[in-house]
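In what follows, every heavy atom counts, from backbone to side chain, and hydrogens, waters and symmetry copies are set aside.
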Amino acid sequence: MGTKNRKLPRRPHADRPRPGETVRKQGGADLQNGWYGRHGTLYLTDERIVFVPTIIDSALGGKRRELLYDDITEVERYPSSPDGMIPGGKRPRAILHTAECGYELIVGDLDAWIDAIEIIYAHRNRHGHPYAPTFIRDGSTSALLKEL
């Protein structure tokens, strides 16, 4: 299993999606590490995953975060199955594990986001980047990822 640490590393703000950087998917998201949840927009680009908090969350100390694809060691759906439940009635989430910590992201269509991340890694693999993290989930696979 991935990293159990959920404490976000102290880093300066990441860049917003840069000019010329292709955004493949974007949508509202919550970064739920620790007691204080940050609300904002999640961007899936060809180079990285970027979280940009809302103006209010930025004023309250929320930072823009980026995850480089080579730094992600595991993509976990929690709970692993769409039929599963999290104790305490929490919403299902994706946990993107790195060597430093696990980033807990709550998004609208969780399985579609995980599919999109998997598709990005398949695309990168076809273009000479063989690294891909472990994906942990059950009962949900995209037809886009099946061999024809």
Candidate pair Arg48 and Arg18, rule side chain to side chain contact (heavy atoms under 4.5 Å, CB included), full reasoning: CA-CA 11 Å; Arg48 62 200 175 120; Arg18 302 173 190 110; 3.4 Å; yes

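- One N or O on the side chain of Asn33 and one on the backbone of Glu104 form a donor-acceptor pair closer than 3.5 Å.
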Residues His97, Leu67; criterion side chain to side chain contact (heavy atoms under 4.5 Å, CB included); working and verdict: CA-CA 10 Å; His97 296 277; Leu67 292 160; over 6 Å; no

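- Take Pro9 and apply the side-chain contact (heavy atoms from CB on, under 4.5 Å) test, not counting sequence neighbours, and it matches Arg11, Arg65, Glu100, Cys101, Tyr103.
- Annotation for Val107 and Ala29: closest pair CG1-CB, 3.7 Å, computed over non-hydrogen atoms.
- Using a 4.0 Å cut-off between charged side-chain N and carboxylate O, Glu118 and Arg137 make a salt bridge.
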Worked check of side chain to side chain contact (heavy atoms under 4.5 Å, CB included) between Ile136 and Glu74: CA-CA 7 Å; Ile136 299 175; Glu74 189 174 275; 3.2 Å; yes

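- Rounding to the nearest 0.5 angstrom, the gap separating the CG atom in Leu31 from the CG atom in Asp57 is 10.0 Å.
- Side-chain contact, Glu21 with Thr45: a donor N or O sits under 3.5 Å from an acceptor N or O.
- In this structure, the separation between CD1 on Ile114 and CG on Leu96 is 8.0 Å, given to the nearest 0.5 Å.
- Note that the NZ atom of Lys63 and the OG atom of Ser58 stand 11.0 Å from one another [nearest 0.5 Å].
- Trp113 places none of its side-chain heavy atoms less than 4.5 Å from the side chain of Leu105.
- For Tyr131 against Thr73, the heavy-atom pair with the smallest separation is OH-CA, 3.3 Å.
- For Asp30, the side-chain contact (heavy atoms from CB on, under 4.5 Å) partners at least two apart in sequence or on another chain are Gln32, His39, Ile106.
- Ion pairing between a basic and an acidic side chain is recognised when a charged N comes within 4.0 Å of a carboxylate O; Asp115 and Lys25 show no such pairing.
- Residues Val75 and Thr134 fail the side-chain proximity criterion, which asks for heavy atoms closer than 4.5 Å.
- By the ring-ring contact (aromatic ring centres under 6.0 Å, His included) test, Phe51 pairs with no residue at all, sequence neighbours left out.
- Through ILVMFWY side-chain contacts below 4.5 Å, Leu68 is grouped with nothing and stands alone.
- Listed here is the closest heavy atom pair of Tyr69 and Tyr121: O-OH, 2.6 Å.
- Inter-residue side-chain proximity for Pro92 and Tyr78 is flagged as unmet; no heavy-atom pair is nearer than 4.5 Å.
- At a threshold of 4.5 Å between non-hydrogen side-chain atoms, the residues Asp70 and Arg124 count as touching.
- Applying the under-4.5 Å side-chain rule to Ile, Leu, Val, Met, Phe, Trp and Tyr, the cluster around Val23 extends to Tyr43, Val50, Val52.
- Between Arg77 and Leu110 there is a side-chain heavy-atom pair separated by less than 4.5 Å.
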Verdict with reasoning, Arg93 to Ile86, per side chain to side chain contact (heavy atoms under 4.5 Å, CB included): CA-CA 10 Å; Arg93 57 201 65 215; Ile86 299 175; 4.1 Å; yes

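- Taking 4.5 Å as the limit, some side-chain heavy atom of Asp46 sits within range of a side-chain heavy atom of Ile120.
- Take Asp71 and apply the side chain to side chain donor-acceptor pair (under 3.5 Å) test, not counting sequence neighbours, and it matches no residue.
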